[in-house]
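Here the structure comes first, spelled out in structure tokens, and everything after it is commentary.
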Amino acid sequence: MRYQNVCLEAFGYSLPAEIVTSTEIESRLEPLYSRLRLPEGRLELMTGIRERRFWSADTLPSDPSLLSGQRAIEAAGIDPNEIGVLIHGSVCRDQLEPATACRVHYHLNLRRDCQVYDVSNACLGILNGVVQIANLIELGVVRSGLVVGTENGRTLVESTIRQLNSDTNLTRNDIKLAIASLTIGSASCAILLTHRDLSRTQNRLTAAAARAHTDYHELCQGSNRSVAGAEGILMATDSEALMAQGISTGVATFDQFVQESGWEPADLDRTFCHQVGSTHRKLMLESLHLPLDRDFATLQWLGNTGSAALPTTMAIGMQVGAIQPGHKLGLLGIGSGINSLMLAVDWQKSLVLGEPLENLPADVATAVKADVAAPHFRTATVAKS
């Protein structure tokens, strides 16, 4: 897939205020840890995730989505009447029907002839929404579109803790299927796309590559179940097999990405991967022959936030200066199923509204300041408004 007329114009994101550390989760798992004699600190050691964030249990996904959508529209400075399609792209949604996008559309007061629907595809939903809107723009169907999504990991994490503590038959080997569930966090992100004639940034989406290796769709499965006498969500993940097959899928998709974009791996100034865990990130980048120091990550303090992970990480990267004018960006998405979607973006100017910088960990901006001074970064002139 190649594009001539599509721009990633603006981003908006929002994060929960409540922070839950991996240490706190392990303290809640004390019955399991004591019974199996598990060493403290193993969760962060295995995943590289020191903390994640949660919204309250009664928060509807559409609530943070509304805020993120409003922020993206405000950042772009666009007339909402220009928006011809709204997609809600997360796993989490308000209810089975109607589409969560309906409530977001209503409260954003978008026009009546705007296309409104949900897309759900594990950790790729928001990126799938980007491609769908890009196709509509390229075909001349709409001039601008908004994709937004919100993931709230609280229910999954709390259900998993209850199950692990209540099932006294579980062995050390059994709990491996639950480790991935304890890495889940919460975040919300919106991306506004426009036709290049409307764009103030000229951040051009130039190409996309997608692959489906659905032979491995059973390696990660989540569903609603009864947990210790209460309804909850549980997910079973063969993490080792999923990582191996996911990386294999990513390599095949990246080969296609290189062909579609016309870029070599060395041309990429900054990459954003799906935020799973530190080992997955390292092995994926090594397999793609991409340097770790050009990849911007948030998994250490946000955990795995599903479909919101990659776009939220990119939005924060914009906010703290990790993306510079003239950068060639690789958005390297992957999700259970197994599906992979990778986007090539030629960047010029950042328009983003999110959380105040003081609400982000201090080491985020500090790491970026050192990285921006590295010789692999190019210099370019920011596009004029």
Side-chain angles (χ1 to χ4, degrees), residues 15-16 18-57 90-92 122-123 150-187 219-228 230-243 246 273-283 297-309 312-313 334-336 361:
L15 301 176
E18 181 182 352
I19 297 173
V20 177
T21 65
S22 291
T23 300
E24 290 176 63
I25 288 178
E26 287 187 324
S27 69
R28 293 182 59 185
L29 285 168
E30 194 277 332
L32 174 76
Y33 271 54
S34 294
R35 184 173 65 82
L36 296 181
R37 298 180 180 179
L38 299 173
E40 294 181 3
R42 66 182 277 127
L43 182 56
E44 182 175 349
L45 181 66
M46 292 172 62
T47 65
I49 296 169
R50 67 172 183 261
E51 63 191 39
R52 74 282 293 138
R53 300 179 178 217
F54 294 143
W55 276 291
S56 62
S90 52
V91 174
C92 295
C123 296
T150 294
E151 307 289 16
N152 190 0
R154 177 186 290 277
T155 301
L156 175 57
V157 172
E158 293 185 344
S159 298
T160 301
I161 292 172
R162 288 198 299 271
Q163 184 207 28
L164 292 176
N165 282 334
S166 63
D167 189 345
T168 56
N169 293 318
L170 292 174
T171 66
R172 284 194 174 207
N173 193 54
D174 293 333
I175 66 174
K176 290 180 180 180
L177 295 176
I179 294 299
S181 302
L182 299 176
T183 69
I184 304 299
S186 308
L219 293 179
C220 179
Q221 295 183 322
S223 63
N224 292 319
R225 305 181 196 173
S226 177
V227 184
E231 288 302 312
I233 298 175
L234 290 177
M235 184 170 70
T237 306
D238 186 337
S239 298
E240 293 181 4
L242 185 65
M243 180 166 62
C273 298
H274 177 53
Q275 308 290 291
V276 180
S278 56
T279 300
H280 177 276
R281 174 179 176 241
K282 182 175 182 292
L283 291 177
T298 58
L299 65 92
Q300 305 93 321
W301 57 281
L302 287 181
N304 179 356
T305 58
S307 68
T312 300
T313 299
I334 194 162
S336 58

Would you mind reporting whether [Y] and [X] have side-chain heavy atoms less than 4.5 Å apart?
X      : Y      : value
Leu29  : Leu38  : no
Asp174 : Asp167 : no
Arg28  : Glu158 : yes
Val276 : Thr183 : no
Glu44  : Thr21  : no
Ile161 : Leu32  : no
His274 : Asn304 : yes

With sequence neighbours excluded, what pairs up with [X] under the salt bridge (Lys or Arg N to Asp or Glu O under 4.0 Å) test?
X      : result
Arg53  : none
Glu18  : Arg154
Arg50  : Asp363
Lys282 : Glu286

So, taking the atom named [atom1] in [X] and the one named [atom2] in [Y], what distance separates them when rounded to the nearest 0.5 Å?
X      : Y      : atom1 : atom2 : answer
Glu30  : Ser34  : CD    : OG    : 3.0 Å
Leu170 : Lys176 : CG    : NZ    : 13.5 Å
Leu164 : Leu182 : CG    : CG    : 6.0 Å
Leu36  : Thr168 : CG    : OG1   : 10.0 Å
Thr155 : Phe54  : OG1   : CZ    : 9.0 Å
Glu51  : Ile19  : CD    : CD1   : 5.0 Å

Ignoring hydrogens, what is the shortest heavy-atom contact between [X] and [Y]? Give both atom names and the distance.
X      : Y      : value
Gly306 : Cys123 : CA-SG, 3.6 Å
Val91  : Ala122 : CG2-O, 3.3 Å
Thr47  : Leu299 : O-CD1, 4.0 Å
Arg52  : Ile184 : CG-O, 3.4 Å

Donor-acceptor check, side chain of Arg281 to backbone of Cys273, threshold 3.5 angstrom: yes or no? no

Residues which pass side chain to side chain contact (heavy atoms under 4.5 Å, CB included) with Thr312, listed by chain and number, not counting sequence neighbours: Tyr13, Leu15, Ala187, Cys189, Leu302, Ala308, Ile316

Partner residues of Thr279 under the side chain to side chain contact (heavy atoms under 4.5 Å, CB included) criterion, sequence neighbours left out: Met243, Leu283

Counting only heavy atoms not in Glu40 (residues, nucleotides, ligands), do more than 12 fall under 6.0 Å from its CD?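 Check fails, neighbour count at 12 or below.
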
If you count heavy atoms of other groups shown closer than 6.0 angstrom to CZ of Arg37, is the number above 12? no

Is it true that the side chains of Glu26 and Tyr33 contain a donor and an acceptor less than 3.5 Å apart? yes

Donor + acceptor pair across side chains of Glu151, Ser307 (<3.5 Å): yes

